[in-house]
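In what follows, residues are counted from 1 in the order of the sequence shown. What you see is a predicted model, and the numbers here were worked out from it, not measured in a lab. These values consider heavy atoms only, across backbone and side chains, with no hydrogens, waters or symmetry-generated copies.
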Amino acid sequence: MGTAASLMDGNTFCTTFDVPPSESKNKKQDITAKLGELNPGQLLALEMRIDAKNLCLVIIDKVSMMTPFLLAGMDQRLRQVKGNDHPFG
């Protein structure tokens with residue numbers, strides 16, 4: 001877990017959204033094919049981890065470390081957990 005995340009009783013981006021950090025540098029692969037759909041158990045765990053019903057803000061403290069893959073991963077996971085196709089759910 002990252003230091004900043006642990007200081008505020010939070011999680012790292014990759015842990016929170018189930019986006020593998022090893023893939024974060026691979027910008028050209030199709031995110032949907034790479035991450036795939038979550039099974040019902042994983043989806044429920046993600047909903048609980050991010051408090052999906054009440055989520056309205058995500059703070060990224062090191063935006064310079066974000067790659068297009070990571071942002072697309074967050075978009076895909078939020079669409080899955082919110083059950084719609086709007087950008088970032």
Side-chain angles (χ1 to χ4, degrees):
M1 176 183 300
T3 304
S6 65
L7 290 174
M8 54 188 293
D9 197 28
N11 292 309
T12 64
F13 178 88
C14 294
T15 300
T16 300
F17 290 100
D18 283 332
V19 177
S22 61
E23 300 297 331
S24 63
K25 294 183 176 122
N26 192 348
K27 301 173 187 174
K28 297 188 181 203
Q29 292 213 352
D30 178 48
I31 187 73
T32 304
K34 200 64 180 165
L35 290 181
E37 292 291 322
L38 297 173
N39 68 42
Q42 292 170 316
L43 191 59
L44 181 60
L46 179 58
E47 286 177 17
M48 292 171 58
R49 188 167 48 247
I50 67 170
D51 191 12
K53 292 185 191 319
N54 297 312
L55 180 70
C56 64
L57 176 69
V58 175
I59 298 172
I60 300 171
D61 71 335
K62 290 190 179 178
V63 73
S64 62
M65 302 295 288
M66 294 298 289
T67 64
F69 181 90
L70 290 175
L71 285 175
M74 180 172 67
D75 176 46
Q76 180 179 340
R77 292 300 189 223
L78 287 171
R79 288 174 190 237
Q80 290 172 349
V81 80
K82 296 280 191 169
N84 66 53
D85 202 32
H86 301 298
F88 298 97

Nearest heavy-atom pair of F88 and M74: which atoms, and what distance? CE2-CE, 3.6 Å

To the closest 0.5 Å, what do you measure between CG (L38) and CD (Q76)? 7.5 Å

Once rounded to the nearest 0.5 Å, what's the spacing between atom CG of L44 and atom CZ of R49? 10.5 Å

Kindly indicate, with the supporting measurements, whether the criterion side-chain contact (heavy atoms from CB on, under 4.5 Å) is fulfilled by V81 and L55. CA-CA 11 Å; V81 80; L55 180 70; over 6 Å; no

CG (L43) and CG (L46) are apart, to the nearest 0.5 Å, by 6.5 Å

Close side-chain approach of R77 and I50, heavy atoms under 4.5 Å: no

Minimum side-chain heavy-atom gap F17-V58 below 4.5 Å: yes

One should read off an interatomic distance between Q42 CD and E37 CD, to the nearest 0.5 angstrom, of 10.5 Å

